[in-house]
Amino acid sequence: MGKRWANRIALGVLWLCGITTVLVLGAVILYVFVRGIGQITPEFILTRPYGVNAEGGIGPTIVATIYVTGLAMLITTPIAVLAAVYLAEYAVQGRLVNAIRFAADTLASVPSIVMGLFGFAFFVEAMGLGFSVLSGALALSFLMLPIVMRATEEAIRAVPRFIRWGSYGLGASKWQTVSRIVLPSALPRILTGLILAMGRAVGETAVVIFTMGQAINMPFTPLDSGRSMTVHLYTLAMEGINMDAAYGTALLLMVMILFFNLSARWLTARNRKVKE
Amino acid sequence: MTPLSGAARPEALEGAAKFTVRDLDFYYGDFHALTGMNIDVRENSVTAFIGPSGCGKSTFLRCLNRMNDLIPGTRIDGTITLDGEDIYGPGVDPVDLRRRVGMIFQQPNPFPMSIYDNVAFGPRLHGIKKKEELDQIVEQALMRANLWKEVKDIMERGGLTLSGGQQQRLCIARVLAVQPDVLLMDEPCSAIDPTSVQKVEDLMAELKSSVTIIIVTHNMQQAARVSDETAFFLQERQGEPAELIEFGRTAEIFTSPHDRRTEDYITGRFG
Ligand SMILES: Nc1ncnc2c1ncn2[C@@H]1O[C@H](COP(=O)(O)OP(=O)(O)OP(=O)(O)O)[C@@H](O)[C@H]1O
Ligand SMILES: [Mg+2]
């Protein structure tokens with residue numbers, strides 16, 4: 001009797017804690033959706049803001065966000081993937097490798113405002129890139145690097161030993177095995193890591209405000225400055241300029257990030273199916 | 001000791017030695033896994049390795065194509081020659097060696113790509129690009145592996161969509177496509193269905209005219225059916241290195257083994 005009740009209560013508590021996560025997510029999405037949906041029109045997405053109250057749309061900020069994230073991804077991917085290949089396949093496991101891993105993990109936990117400050121000092125000022133999409137992308141890539149590197153390393157390690165041995169057994173060299181068997185097998189998981197890192201970059205505020213600037217430009221070359229959606233949202237809301245537009249921007253941001261997370265999930269699920 | 005403790009080679013058998021192993025010791029870091037192994041593997045025959053689990057059969061097999069080189073911290077003493085050439089000698093590239101000495105594993109391990117690409121993988125590695133040439137190699141390899149009839153119309157399907165037994169024959173075809181002289185098979189039949197086991201045993205009989213085969217098996221009936229010679233491995237005490245207890249003609253090993261331990265093992269396994 002007592003045992004059975006204890007069991008039921010424990011189960012109930014666990015269930016409640018689990019369901020809390022879903023409820024929190026639901027509440028955030030619902031709130032932003034209700035407040036923001038009225039704003040979403042083709043005009044809002046396509047045109048630029050005007051007037052003291054930032055009426056009109058947020059077009060340039062969407063472009064700046066996608067631009068800076070895309071560029072950051074182009075910078076991050078080759079470095080992160082090659083570094084991970086080195087760590088997982090070539091480096092002699094020891095102190096140096098542990099140091100690299102520790103550095104990557106610590107890099108991942110550096111507060112983004114600190115990263116922004118560093119990006120400002122280094123890229124904007126010292127390297128003379130100014131407030132620009134390029135400065136923003138470089139600083140963001142610092143943020144993405146450890147995420148993508150870790151994901152890639154784990155993806156590579158998850159490729160079964162037997163598959164590698166099959167390749168070595170046919171007289172493949174190490175590089176042939178890595179490039180033709182290991183990386184293609186690991187690709188879905190690497191892409192998942194990339195997508196999650198991009199979601200992180202899209203939502204980043206502190207880093208881009210310090211490096212890309214705040215001017216509402218339609219950025220064209222990588223050396224143009226721009227204002228990201230997050231910075232726009234921050235400015236609108238903090239200065240109480242236009243709360244409706246702020247919620248509209250927030251909703252669009254959520255949609256983008258949700259899209260990234262769902263694609264990551266889809267990739268993982270599809271990958272599992274292929275394996276079975 | 002047994003009469004075979006020196007150079008282990010049954011007098012009665014003819015034919016050149018493919019592999020000659022002398023005084024082989026093998027270590028995984030501090031763990032001494034194999035000691036004092038001597039064996040001559042005859043060309044174009046089937047040699048079976050038997051023995052209890054953990055007695056180093058796979059380890060020994062991986063010495064023969066230097067697959068153990070891929071495991072950090074391993075060390076080998078003694079000599080192994082293939083066609084008279086020391087495979088651990090300077091100037092021997094393990095990558096070239098593995099092309100000559102193919103390996104099949106217990107768990108079928110097709111690559112996550114199409115059936116065709118699986119078989120064409122090896123030839124492509126070694127620089128064959130022409131479509132007609134590849135087509136011909138792939139078809140021949142699949143025929144030799146007893147799989148052609150089943151897959152000839154589904155060449156573009158993923159290798160992983162095949163049944164376990166078909167996957168294993170696909171892996172055999174993949175190895176045959178690079179024209180190895182030797183085929184090392186590590187328990188190739190223990191994870192597949194009986195029909196496929198039959199087909200694998202058949203293809204071994206067909207292949208042995210052109211390929212030297214070494215097979216590790218826990219199935220005594222299989223060893224008796226497919227092999228010409230049999231080697232019995234044993235690790236007598238936990239933590240001690242394994243030894244080669246007896247090596248000879250399969251018929252002899254199974255009917256009148258010289259060593260008491262061989263007899264105990266075989267009768268135990270048959271019983
Ligand atoms: N990579 C490794 N590192 C360290 N020790 C290993 C490694 N692989 C095998 N061993 C050890 O070497 C010994 C021989 O193992 P091996 O796999 O060669 O035996 P086996 O005869 O093939 O066994 P089974 O019949 O179960 O396949 C075992 O004690 C095993 O624990
Ligand atoms: Mg084994």
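Chain identifiers are assigned alphabetically (A, B, ...) following the order of the sequence lines, protein sequences preceding nucleic acid strands; residue numbering begins at 1 within each chain. Note that the coordinates shown come from a computational prediction; the quantities given were computed from them, not determined experimentally.
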task = For B:H218, enumerate each residue passing the side chain to side chain donor-acceptor pair (under 3.5 Å) test, keeping only those at least two apart in sequence or located in another chain.
result = B:E187
note = Under 4.5 Å to a heavy atom of chain A? For B:R100 that would be neither
query = Near A:R157 CZ, under 6.0 Å, is it more than 12 heavy atoms from other residues, nucleotides or ligands?
reply = yes
inquiry  = To check you understand the geometry: which heavy-atom pair defines the closest contact between B:P112 and A:I163, and what is its length?
reply    = CD-CD1, 4.4 Å
task = Inspect the surroundings of CZ in A:F259 and state if more than 12 heavy atoms from other residues, nucleotides or ligands are less than 6.0 Å away.
result = no
query = Is there a side-chain contact between B:R98 and A:L170 (heavy atoms, below 4.5 Å)?
reply = no
inquiry  = Would you say that A:S167 contacts B:F121 through its side chain, given a criterion of any heavy-atom pair below 4.5 Å between the two side chains?
reply    = yes
key: Within 6.0 Å of OH in A:Y90, more than 12 heavy atoms from elsewhere   = yes
inquiry  = Would you say OH of B:Y27 has more than 12 non-hydrogen atoms from neighbouring residues, nucleotides or ligands within 6.0 angstrom?
reply    = yes
ask   = Would you call the rings of A:F162 and B:F105 parallel, tilted or perpendicular, where under 30° means parallel and over 60° means perpendicular?
value = perpendicular
key: Qualifying residue, where the test is side-chain contact (heavy atoms from CB on, under 4.5 Å) with A:Y168 and the options are B:L70, B:D69, B:N65, B:V95   = B:L70
ask   = Relative to chain A, which segment of B:P180 carries a heavy atom at a distance below 4.5 Å: side chain, backbone, both, or neither?
value = neither
message = What I'd like to find out is whether the side chain of B:M113 reaches to under 4.5 Å of the side chain of A:I181, using heavy atoms alone.
response = yes
request  = Starting at CG of B:D117, measure out to CZ of A:R180 and round the result to the nearest 0.5 Å.
outcome  = 11.5 Å
request  = Tell me, for B:V175 versus chain A, whether the close heavy atoms (under 4.5 Å) come from the side chain, the backbone, both or neither.
outcome  = both
